[in-house]
Amino acid sequence: MESQKTLSSSFASNMATVQSTPTNISFSDYLQSLSRTPHRLRKRMLATWTPDQELNQVRLRSGADMMRKLKWYDLIALGIGGMLGVGVFVTTGPVALKTSGPSVFISYIIAGISALFSSLCYTEFSVQIPVAGGAFSYLRVTFGEFLGYFAGANILMEYVLSNAAVARSFTEYLCHAVGENPSSWRIEVDRVAEGYNMLDFPAVALILLLTLCLCYSTKKSSILNLIMTVFHVIFFGFIIIVGFSKGSARNLVEPGGLAPFGVKGVLDGAAIVYFSYIGYDSVSTMAEEIQNPAKSLPVGILGSVLIVTGLYCLMALSLCLLVPFNMIDKDASFSVAFEKIGWKWAGNVVGAGASLGIVASLLVAMLGQARYLCVIGRARLVPSWFAKVTPSTGTPLNATLFLGLCTASIALFTELSIILEIISISTLLVFYMVANALIYRRYVVISHNPPSQTLLFLVLLSSTAIGFSMSWKLDEQWWALPVLGGFMIAITAFFQYTVPSVRQPNEEWSVPFMPWPAVTSIFLNVFLMTTLKAVSFRRFGIWAFLITLFYVLYGVHSTYRAEEMEEGVGEIPQHRPSIQQTKLDIQVL
């Protein structure tokens, strides 16, 4: 044990040397680095780290460790708090009014099923690799640096944009709570494009206040979230009971029937409300702050998704029972629904309760986004300043402050409708990538099968899912649907039969019935992506180009230099297992 401590100390000292090594380079050196870009891309794009390296060597780059104080009930509360305020109060009204009609509750069921399968994939990864990086870390250890970075950048964009959208909804509901017009709390700016011309200072103030709270303590923020979530669930119960007792079943079928926009509208709605489920992946980013990750993470992630799916469906159904779908307000749908049945006082209560739920969801999402950026900073794909964990609080202070300011800036001027669609495509893409990574990791990395079989299966599966989805979207060649659906089932069964899967010894938790849950997740994420509008893909294409350009101009050179320096400080490969074991022992206490 003494020798292990000595080795750990030596390793930490070496890492400190790396951290203190000057990383500034002159402009001429940078131009010289750019001339070597093709070589560095070949060396770094597919470079992977092992889970042990992620857990130990990379984590040391943050300096201090995050404090392990969270338990399973904290995770369930964080998951519920992170999802509830976002989904019901931000997306239900607009989707019911313009996309799905009264069948919006079915859209939530479909999106919830997809989220459940995706959460299974997340759970296995989070148990095996309990670090704060979420999808970024899972993809980096499986498919290499670039795909990990691409997923991490997309999930960061999703967090920042969704938090900005939710903060603007907070202003809407808070105004209804005090009986004010939301426009009176916003400042209109002339000669600015519509959708960007209403400045929302209450949303900015909320984000900045929560940012300061998160900088102080994760555990205290978790307790605050737990208190708000308890009141929030009680408040949800009030809305559901009133909706079912005072509403009318006639509103579900008039005007236009249960699904006035058809089956296509129900599925289009499912793609949009999928944005409501992004809170559960925040739970996986808490992995470094959980006392027993292997037992708490499955309970926290899966439990919160199941509870929230049930509450979403009941809330959406109660809204459509209270008022006809064509009379639903797109901004503060629940408050206005109560006002329309003559319960103005209840509309004010709903506004207050919704505001509380939105605060809870923002708190959790902002916890998650800072930890993503912290781990991306550890990988040196962005400046290492973002990776620093403050010893006194055990929080990623720099990442929290930076993303808080970014979120506040977007919330200040950008309307909700502009934000929503680009969020969904990024969420669906990242969840699709994680499901592919789980299959590859289970059948190639762990089971030591040749990669060609699994890669061929994944390509055929994705191609068939795209073909099926496009046939559905274009309303052409309906004969192709059963053919392509049957082909997907057949190739999955053939793959399961011919490619063996080996369980790891002492494995704490893994997805059952593989590869079917991951295959279902891949199909549903592809299907929901194809229901989004073309403008979503254009905006996503611009973002994908920008983050790829950043990787080529900065990320690949930064990681290349970091790896060269770490190799140069004299790490002792033969002792690495002992060092890792010491850290892993600490982590499960």
Closest approach of [X] to [Y] (non-hydrogen atoms, all atoms of both residues):
{"X": "Ile439", "Y": "Val519", "value": "CD1-CG2, 4.1 Å"}
{"X": "Ser463", "Y": "Val459", "value": "OG-O, 2.8 Å"}
{"X": "Ser426", "Y": "Phe540", "value": "OG-CD1, 4.0 Å"}
{"X": "Val430", "Y": "Ile155", "value": "CG1-CD1, 3.7 Å"}
{"X": "Pro450", "Y": "Val444", "value": "O-CG2, 4.4 Å"}
{"X": "Thr123", "Y": "Ser126", "value": "O-OG, 2.9 Å"}

Residue pair Glu145, Tyr551: steps toward the side-chain hydrogen bond (donor to acceptor under 3.5 Å, both in side chains) verdict: CA-CA 10 Å; Glu145 181 176 277; Tyr551 177 76; 2.8 Å; yes

Val382 and Phe550: CA distance, side-chain angles, deciding distance, side-chain contact (heavy atoms from CB on, under 4.5 Å) verdict: CA-CA 9 Å; Val382 295; Phe550 181 84; 4.1 Å; yes

Is the closest side-chain heavy-atom distance between [X] and [Y] below 4.5 Å?
{"X": "Ser100", "Y": "Leu267", "value": "no"}
{"X": "Met433", "Y": "Phe143", "value": "no"}
{"X": "Ile113", "Y": "Leu524", "value": "yes"}
{"X": "Val263", "Y": "Trp472", "value": "yes"}
{"X": "Phe457", "Y": "Val499", "value": "no"}
{"X": "Leu373", "Y": "Leu156", "value": "yes"}
{"X": "Leu116", "Y": "Thr309", "value": "no"}
{"X": "Ile489", "Y": "Trp516", "value": "yes"}

Glu124 with Arg441: basic N within carboxylate O range, under 4.0 Å: no

Any side-chain donor near an acceptor of the partner, Tyr432 and Ser118, under 3.5 Å: no

From [atom1] ([X]) to [atom2] ([Y]), nearest 0.5 Å:
{"X": "Ile376", "Y": "Arg140", "atom1": "CD1", "atom2": "CZ", "answer": "10.0 Å"}
{"X": "Leu405", "Y": "Ile410", "atom1": "CG", "atom2": "CD1", "answer": "11.5 Å"}
{"X": "Leu528", "Y": "Phe523", "atom1": "CG", "atom2": "CZ", "answer": "9.0 Å"}
{"X": "Leu461", "Y": "Thr454", "atom1": "CG", "atom2": "OG1", "answer": "12.0 Å"}
{"X": "Arg44", "Y": "Thr37", "atom1": "CZ", "atom2": "OG1", "answer": "14.0 Å"}
{"X": "Arg442", "Y": "Leu438", "atom1": "CZ", "atom2": "CG", "answer": "6.0 Å"}

side-chain contact (heavy atoms from CB on, under 4.5 Å) assessment of Ser304 paired with Leu75: CA-CA 8 Å; Ser304 60; Leu75 300 186; over 6 Å; no

Would you confirm whether [X], through its side chain, and [Y], through its main-chain N or O, come within 3.5 Å as a donor-acceptor pair?
{"X": "Thr407", "Y": "Leu403", "result": "yes"}
{"X": "Ser103", "Y": "Val266", "result": "no"}
{"X": "Ser462", "Y": "Leu458", "result": "yes"}
{"X": "His557", "Y": "Arg40", "result": "no"}
{"X": "Asn449", "Y": "Pro500", "result": "yes"}
{"X": "Asn398", "Y": "Trp385", "result": "yes"}
{"X": "Thr559", "Y": "Leu381", "result": "no"}

Positive for ring pair (Phe, Tyr, Trp, His ring centres under 6.0 Å) with Phe125, one of Tyr138, Phe431, Phe136, Tyr440: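 That would be Tyr138; it is the only one of Tyr138, Phe431, Phe136, Tyr440 passing the ring pair (Phe, Tyr, Trp, His ring centres under 6.0 Å) with Phe125.
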
Step-by-step side-chain contact (heavy atoms from CB on, under 4.5 Å) determination, Val160 to Gln369: CA-CA 7 Å; Val160 170; Gln369 70 181 16; 3.9 Å; yes

Parallel, tilted or perpendicular: ring planes of Tyr372 versus Tyr159, cut at 30 and 60 degrees: tilted

Step-by-step side-chain hydrogen bond (donor to acceptor under 3.5 Å, both in side chains) determination, Thr92 to Tyr108: CA-CA 9 Å; Thr92 306; Tyr108 272 114; 2.7 Å; yes

Chi angles and distances behind the side-chain contact (heavy atoms from CB on, under 4.5 Å) call for Leu484, Ser471: CA-CA 10 Å; Leu484 293 171; Ser471 297; 4.3 Å; yes

Pair Tyr312 and Phe105, ring centroids less than 6.0 Å apart: no

